[in-house]
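Following: one structure in structure tokens, then a few remarks.
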Number of protein chains: 2
Amino acid sequence: MPDAQFTIGDAANASGVKVPTIRYYEEIGLLPPPPRTEGGRRSYGRADLDRLSFIRHARELGFEVDAIRTLLALQETPDQSCAAADAIARERLIEVERRIASLSALRAELERMVEGCSHGHVGECRVIDILADHGKCAHHRMV
Amino acid sequence: MPDAQFTIGDAANASGVKVPTIRYYEEIGLLPPPPRTEGGRRSYGRADLDRLSFIRHARELGFEVDAIRTLLALQETPDQSCAAADAIARERLIEVERRIASLSALRAELERMVEGCSHGHVGECRVIDILADHGKCAHHRMV
DNA sequence: CCTACTTCCTCTAGCGACTAGAGGAGCAAG
DNA sequence: CTTGCTCCTCTAGTCGCTAGAGGAAGTAGG
């Protein structure tokens, strides 16, 4: 017998993707519908577990489902140039860098807020003050 | 005449919050329903514009609508202690710091991916490779 | 074999914070 | 008067799930 079969619960345990999420991935076409047992239960093979792990890892890295779809398609045709995969990862890197920059600005502003807070009344609270008056603020755009 | 009146479009221009979003904020109770003109149009005053700017700024800083609700309530009673506002900002700061840390790990991993990419075939593509095999990856958890 | 328990099935609805679009009315300028 | 803009309400869609109802199938123990 070549490969063992797994229930959806096994697949969830092995991949770290929750059971309803696996069904959801099937619904949106990220995971092919597996064969069913006599009783109508989904029966996954090794390849499905790998695919799920791939998806999960990519999701953790913040790739969108559409990007993952592309990456999975690429993965299936290994003779192709990997320029597309590279481009997707690069795009994502740029996005992450942008987010880090914007969150750093954010952190600075929040630090200014809580450091400036005199713990007195709301009337002279720096937190509220900065929020109310954009002019007092160094922050300009969040992405 | 004490204060001028503004259309929803004016309010959108002045605050940077889009027209449908202003109506949405009214619907969820972030912004009080303004009086209407004879023709049934919303008519905003200065205080509404300020409130909208406050909301927008807080949203840009990543505060959730519920947190903003609390902050707005605090703002309206300036004699109170500002400890609550301080706590909300501090929580948000911690969250932002966590996100920065996790995105930095992410960036490192994406850099490793694109640097390792030999621009050859998908078969030996580092991007796909790392995604497929979590073991090859330094990353552990995203928040 | 029966029972209890867990896991699975499908289906619908909800989350947050909007955004898009339909279909219609008001209003100001030329 | 007509063009064209803004405004109105309403419903439905976005993304990536998550929750819950109601029921069937499989499994372990007595």
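Chain A is the first sequence line, chain B the second, and so forth, proteins listed ahead of strands; every chain is numbered from 1.
The side-chain hydrogen bond (donor to acceptor under 3.5 Å, both in side chains) search around A:Glu95 returns A:Arg92, not counting sequence neighbours. Remark: A:Asp48 engages no residue in a side-chain hydrogen bond (donor to acceptor under 3.5 Å, both in side chains) (not counting sequence neighbours). By the side-chain contact (heavy atoms from CB on, under 4.5 Å) test, A:Thr37 is found to be paired with A:Arg41, A:Ser43, residues two or more places apart in sequence or in another chain being considered.
Side-chain contact between B:Tyr44 and B:Leu31: present, with at least one pair of heavy atoms (C-beta onward) separated by less than 4.5 Å.
Nearest-nucleotide positions on DNA chain C for B:Asp66 and B:Gly40 put B:Asp66 closer to the 5' end. Comparing A:Thr37 and B:Arg41, the nucleotide of DNA chain D nearest to each residue sits closer to the 5' end for B:Arg41. Take the nearest nucleotide of DNA chain D for A:Glu38 and for A:Pro20: the residue whose nucleotide is more 5' is A:Pro20.
Of the residues in residues 24-36 of chain B, those lying under 4.0 Å from DNA chain C by heavy-atom distance are B:Tyr24, B:Tyr25.
Using a cut-off of 4.0 Å between Lys/Arg side-chain N and Asp/Glu carboxylate O, A:Arg51 and A:Glu76 are scored as salt-bridged.
Applying the salt bridge (charged side-chain N to carboxylate O under 4.0 Å, His left out) test to every pair with at least one member in residues 9-28 of chain A, sequence neighbours left out, gives these pairs: A:Glu26-A:Arg42.
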Before you tell me yes or no, could you show the steps for B:Ser104 and A:Ile100 under side chain to side chain contact (heavy atoms under 4.5 Å, CB included), namely the whole-Å CA-CA distance, both residues' side-chain angles and the distance that decides it to 0.1 Å? CA-CA 7 Å; B:Ser104 299; A:Ile100 289 175; 4.1 Å; yes

Can A:Ile88 and A:Glu91 be said to form a side chain to side chain contact (heavy atoms under 4.5 Å, CB included), step by step? CA-CA 5 Å; A:Ile88 292 175; A:Glu91 260 176 44; 5.7 Å; no

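Phosphate contact (OP1/OP2 of D:dC8, side-chain N/O of B:Arg23, threshold under 4.0 Å): present. For A:Lys18 and D:dC17, the shortest distance from a side-chain N or O to OP1 or OP2 is not below 4.0 Å.
Distance A:Arg42 CZ to D:dA25 C1': 14 Å, rounded to the nearest Å.
Reading DNA chain C from its 5' end, the first and the last nucleotide to sit under 4.0 Å from a heavy atom of chain A are C:dT7 to C:dT10.
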